[in-house]
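Report on the following structure.
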Amino acid sequence: MPYSTAFGDHFYCQTDGRLECGHVFLAGNELPQRWINASSFRIGELGFGTGLNAMETWRQWQATRMPSGHLTFISFELYPMARADIDRALSRWPQIDAERQGLLALWPDEPQGQVQLDLDAQTRLIVVCGDALASLQAWSDPFDAWYLDGFAPSRNSAMWSLDLMTRLYQLTSSGGRFATYAAAGFVRRNLIEAGFTVERRPGFAGKREMLCGSKTEPS
Ligand SMILES: C[S@@+](CC[C@H](N)C(=O)[O-])C[C@H]1O[C@@H](n2cnc3c(N)ncnc32)[C@H](O)[C@@H]1O
């Protein structure tokens with residue numbers, strides 16, 4: 001179970017991070033349904049960490065995609081992990097064994113800048129190394145879904161700031177969505193002030209609430 005001493009938080013819930021990913025990030029973004037009919041779909045993630053969300057998403061994408069669909073998963077990460085640490089963390093889940101091996105075969109020795117990996121002919125992973133807000137200020141392509149996964153808001157408020165939520169909203173396609181396990185009042189208020197329609201849903205593994213929602217106005 002990877003733990004960040006810098007932020008004083010675990011990388012995912014202690015029950016089962018892979019199942020949490022399905023409950024929070026996929027279902028909260030209405031996936032796989034929304035990507036099935038799209039010719040191309042772009043997911044943004046705040047915090048690549050061990051790559052668990054990316055690998056579980058890749059697994060579900062392979063099981064449900066159309067032969068002509070294309071997925072780009074773009075994750076913003078300040079402290080990219082070393083291959084051996086990713087390997088150790090992801091080895092816990094035999095369900096994503098093939099995906100873990102596929103990622104590790106391509107993962108650079110010293111990740112920096114934009115790490116672009118063609119996981120397969122229909123799936124591109126881009127890990128943007130650096131501070132998420134700074135990277136997003138320089139970003140221009142829109143996203144269809146957001147995974148907000150930047151540690152607990154009480155431990156890392158910068159990943160939930162109004163500036164960052166506003167930038168996410170600007171970079172969200174019309175009808176695009178976000179999802180997070182976070183339920184803190186200031187996170188919900190920042191998302192609403194940024195422009196998102198925000199919904200509360202039951203959280204994973206007994207957590208009372210999580211947040212998800214959409215950009216409903218035309219872009
Ligand atoms: C909860 S973990 C992400 C877990 C990850 N999604 C996974 O599947 O393993 C949060 C991540 O956010 C990163 N992070 C923290 N502050 C950041 C910032 N300002 N910009 C970019 N990444 C940041 C941390 O280094 C950490 O990897």
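Note that the numbering runs from 1 along the sequence shown for the chain. When a ligand or atom number is given, it counts from 1 through the structure's own listing order.
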With a 4.5 Å cut-off on side-chain heavy atoms, are L71 and R65 touching? no

Contacts of Q62 meeting side chain to side chain donor-acceptor pair (under 3.5 Å) (sequence neighbours excluded), chain-then-number -> E99

Taking the six-membered ring for Trp and the single ring otherwise, decide whether the centroids of W139 and F76 are under 6.0 Å apart. yes

Is any side-chain N of the basic residue among R42 and D141 closer than 4.0 Å to the acidic one's carboxylate O? yes

Just the distances, no angles: every ligand 1 N or O to protein N or O pair closer than 3.5 Å, one line each.
unit_1: ligand 1; atom_1: 6 (N); unit_2: E45; atom_2: OE2; d: 3.1
unit_1: ligand 1; atom_1: 6 (N); unit_2: G47; atom_2: O; d: 2.7
unit_1: ligand 1; atom_1: 6 (N); unit_2: N53; atom_2: ND2; d: 3.2
unit_1: ligand 1; atom_1: 6 (N); unit_2: D149; atom_2: OD2; d: 2.6
unit_1: ligand 1; atom_1: 8 (O); unit_2: L52; atom_2: N; d: 3.1
unit_1: ligand 1; atom_1: 8 (O); unit_2: N53; atom_2: N; d: 3.0
unit_1: ligand 1; atom_1: 9 (O); unit_2: T50; atom_2: N; d: 2.9
unit_1: ligand 1; atom_1: 9 (O); unit_2: T50; atom_2: OG1; d: 2.7
unit_1: ligand 1; atom_1: 16 (N); unit_2: N156; atom_2: ND2; d: 3.1
unit_1: ligand 1; atom_1: 19 (N); unit_2: D131; atom_2: OD1; d: 2.9
unit_1: ligand 1; atom_1: 20 (N); unit_2: A132; atom_2: N; d: 2.9
unit_1: ligand 1; atom_1: 22 (N); unit_2: L78; atom_2: N; d: 3.0
unit_1: ligand 1; atom_1: 25 (O); unit_2: E77; atom_2: OE2; d: 2.6
unit_1: ligand 1; atom_1: 27 (O); unit_2: E77; atom_2: OE1; d: 2.7
unit_1: ligand 1; atom_1: 27 (O); unit_2: E77; atom_2: OE2; d: 3.2

Test side-chain hydrogen bond (donor to acceptor under 3.5 Å, both in side chains) applied to R155 and S4, step by step: CA-CA 11 Å; R155 309 271 179 186; S4 165; over 6 Å; no

Kindly compute the distance separating OH (Y12) from CD (E56), expressed to the nearest 0.5 Å. 12.5 Å

